[in-house]
Amino acid sequence: MEDLKELYDLVSLNFDFNSILIIIVIIISTYWLKKIPDYRQEINHDNSYESSTLKIQADKYYRNIDGQEMRDNVAWWMDFISDSEKKNEEISKNVNILTEKFNYIMRYGSSRTIKLLSVYMQHIYTASSNTKTDDSSKQLVYLAYVAASIKADYTGNACSPLDLLAVKFNDFNDNKRIYKKVTREIRRKTGIDKNLRYGKLK
């Protein structure tokens, strides 16, 4: 009996309430750590399923749009970069053209394209009537972002906005520093990087 009492006292001494609580916490923590990979897999599966569902819905939606009209809109914005003077002249003769293009983007464009168009137009609205090289270059970059985003929306082929400018302008390298400065400005305002990627729109 004395031996049993000593053993009981030893156990009681070493396993007080705090020790038992720690053991319980360790057991629960171990259980949840083992479950984390399963939960991550479920979340990834749900996100993948949601993404696939949205892509199917988008595909069905765009199938109902006139393909020629979509191609014409992509071409119109690309032409704006390659021959902006001609497009500005066209707009000056018929302002409704620009309104139609904006409406088309608001109906069928992605949230990324609408965001880029909004910051581009805000820049136009607030810009003073100066024609300094850096300001015209800034407008070109904004425009290239809009055009590249529209192309990605309607064709599924993404390209760098700066690549569009590099194709058109032989003085691209002379203005590259300015262009890159504007890309940083656009990213700060929208969350969209130079390759049209973004985590969350601002």
Side-chain angles (χ1 to χ4, degrees), residues 47-48 51-52 54-55 57-59 61-63 65 67-88 90-91 97-98 100-127 130-202:
N47 290 340
S48 177
S51 177
S52 298
L54 289 174
K55 286 179 180 179
Q57 291 174 342
D59 183 61
Y61 178 74
Y62 283 116
R63 283 179 186 274
I65 302 172
Q68 185 58 51
E69 186 179 10
M70 191 177 289
R71 287 190 291 273
D72 289 345
N73 270 274
V74 173
W76 192 88
W77 285 97
M78 289 297 167
D79 289 346
F80 214 145
I81 295 176
S82 61
D83 196 345
S84 55
E85 289 184 9
K86 181 180 178 181
K87 285 298 174 187
N88 284 326
E90 178 185 335
I91 293 168
I97 291 177
L98 198 56
E100 290 172 3
K101 300 304 177 185
F102 287 174
N103 287 340
Y104 194 87
I105 289 176
M106 287 187 284
R107 289 200 306 271
Y108 305 125
S110 66
S111 55
R112 177 194 59 211
T113 300
I114 294 172
K115 171 61 73 174
L116 289 169
L117 179 63
S118 71
V119 295
Y120 170 56
M121 293 311 300
Q122 285 302 312
H123 171 73
I124 297 296
Y125 296 148
T126 57
N130 69 55
T131 55
K132 293 191 302 182
T133 302
D134 61 341
D135 188 66
S136 60
S137 297
K138 179 180 286 191
Q139 289 192 33
L140 277 173
V141 176
Y142 274 95
L143 185 58
Y145 266 79
V146 174
S149 189
I150 290 171
K151 180 179 182 294
D153 287 348
Y154 300 155
T155 69
N157 296 317
C159 66
S160 166
L162 293 188
D163 283 346
L164 295 179
L165 298 181
V167 170
K168 166 61 182 173
F169 299 103
N170 56 17
D171 62 347
F172 175 83
N173 287 327
D174 296 336
N175 295 307
K176 196 171 183 177
R177 181 183 59 82
I178 297 173
Y179 294 154
K180 287 190 173 182
K181 181 181 178 182
V182 182
T183 63
R184 291 192 293 271
E185 178 181 306
I186 291 173
R187 182 166 190 173
R188 187 175 68 252
K189 289 181 177 179
T190 66
I192 301 168
D193 70 12
K194 61 183 180 180
N195 294 309
L196 301 181
R197 295 186 300 247
Y198 63 94
K200 183 178 181 181
L201 293 177
K202 294 184 179 179

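- By the side-chain hydrogen bond (donor to acceptor under 3.5 Å, both in side chains) test, Asn173 pairs with no residue at all, sequence neighbours left out.
- Within the model, atoms CE of Met78 and CD1 of Ile150 stand 8.0 Å from one another, a figure rounded to the nearest 0.5 Å.
- Listed by chain and residue number, Cys159, Pro161, Leu164, Leu196 satisfy the side chain to side chain contact (heavy atoms under 4.5 Å, CB included) test with Ala148 (two or more places apart in sequence, or in another chain).
- With a 6.0 Å radius and a threshold of 12 heavy atoms from other residues, nucleotides or ligands, Lys151 has its NZ atom above the threshold.
- In this structure, Leu117 CG and Gln122 CD are separated by 10.0 Å, a value rounded to the nearest 0.5 Å.
- Checked against salt bridge (charged side-chain N to carboxylate O under 4.0 Å, His left out), Lys176 has no partners two or more places apart in sequence or in another chain.
- Counting only heavy atoms from C-beta outward, the side chains of Tyr145 and Thr113 never approach each other to under 4.5 Å.
- Counting heavy atoms from C-beta outward, Met121 and Tyr142 have side chains that stay 4.5 Å or more apart.
- Proximity of Phe80 to Leu143: side-chain heavy atoms (C-beta onward) are separated by under 4.5 Å at one or more points.
- At least one side-chain heavy atom of Arg112 sits less than 4.5 Å from a side-chain heavy atom of Leu116.
- A salt bridge links Glu185 to Lys189: at least one charged side-chain nitrogen sits closer than 4.0 Å to a carboxylate oxygen.
- For the salt bridge (charged side-chain N to carboxylate O under 4.0 Å, His left out) test, no residue two or more places apart in sequence or in another chain qualifies with Arg187.
- Separation of atoms NZ (Lys194) and CG (Asp163) is listed at 10.0 Å; rounding is to 0.5 Å.
- Two residues are said to be in side-chain contact when any heavy atoms from C-beta on lie closer than 4.5 Å; Ile178 and Lys138 fail this criterion.
- For the pair Asn195 (side chain) and Ser160 (backbone), a donor-acceptor distance under 3.5 Å is absent.
- Applying the side-chain hydrogen bond (donor to acceptor under 3.5 Å, both in side chains) criterion to Asp193, with sequence neighbours excluded, gives Arg197.
- Checked against side chain to side chain contact (heavy atoms under 4.5 Å, CB included), Asp72 has the following partners two or more places apart in sequence or in another chain: Gln68.
- For the ring-ring contact (aromatic ring centres under 6.0 Å, His included) test, no residue two or more places apart in sequence or in another chain qualifies with Tyr198.
- Annotation: side-chain hydrogen bond (donor to acceptor under 3.5 Å, both in side chains) contacts of Arg184 (sequence neighbours excluded): none.
- Summarising the geometry, atom CD1 belonging to Ile91 is positioned 4.5 Å from atom CG belonging to Leu98; distances are rounded to the nearest 0.5 Å.
- Note that the CD1 atom of Ile81 and the NZ atom of Lys168 stand 10.5 Å from one another [nearest 0.5 Å].
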Please report the C-alpha distance between Trp77 and Ile105 in whole Å, then the side-chain angles of each, then the deciding distance to 0.1 Å, and finally whether the side-chain contact (heavy atoms from CB on, under 4.5 Å) criterion is met. CA-CA 11 Å; Trp77 285 97; Ile105 289 176; 3.7 Å; yes

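- Every residue two or more places apart in sequence or in another chain that forms a side chain to side chain contact (heavy atoms under 4.5 Å, CB included) with Asp83 is listed here: Glu85, Lys86.
- Applying the ring-ring contact (aromatic ring centres under 6.0 Å, His included) test to Tyr179 and every residue at least two apart in sequence or in another chain returns Phe172.
- Interatomic distance, Asp171 CG to Leu165 CG, rounded to the nearest 0.5 Å: 10.0 Å.
- Under the side-chain hydrogen bond (donor to acceptor under 3.5 Å, both in side chains) criterion, Glu90 pairs with Trp76, Lys87, sequence neighbours left out.
- Sorted by first and then second residue, the salt bridge (charged side-chain N to carboxylate O under 4.0 Å, His left out) pairs involving residues 114-127 (not counting sequence neighbours) form an empty list.
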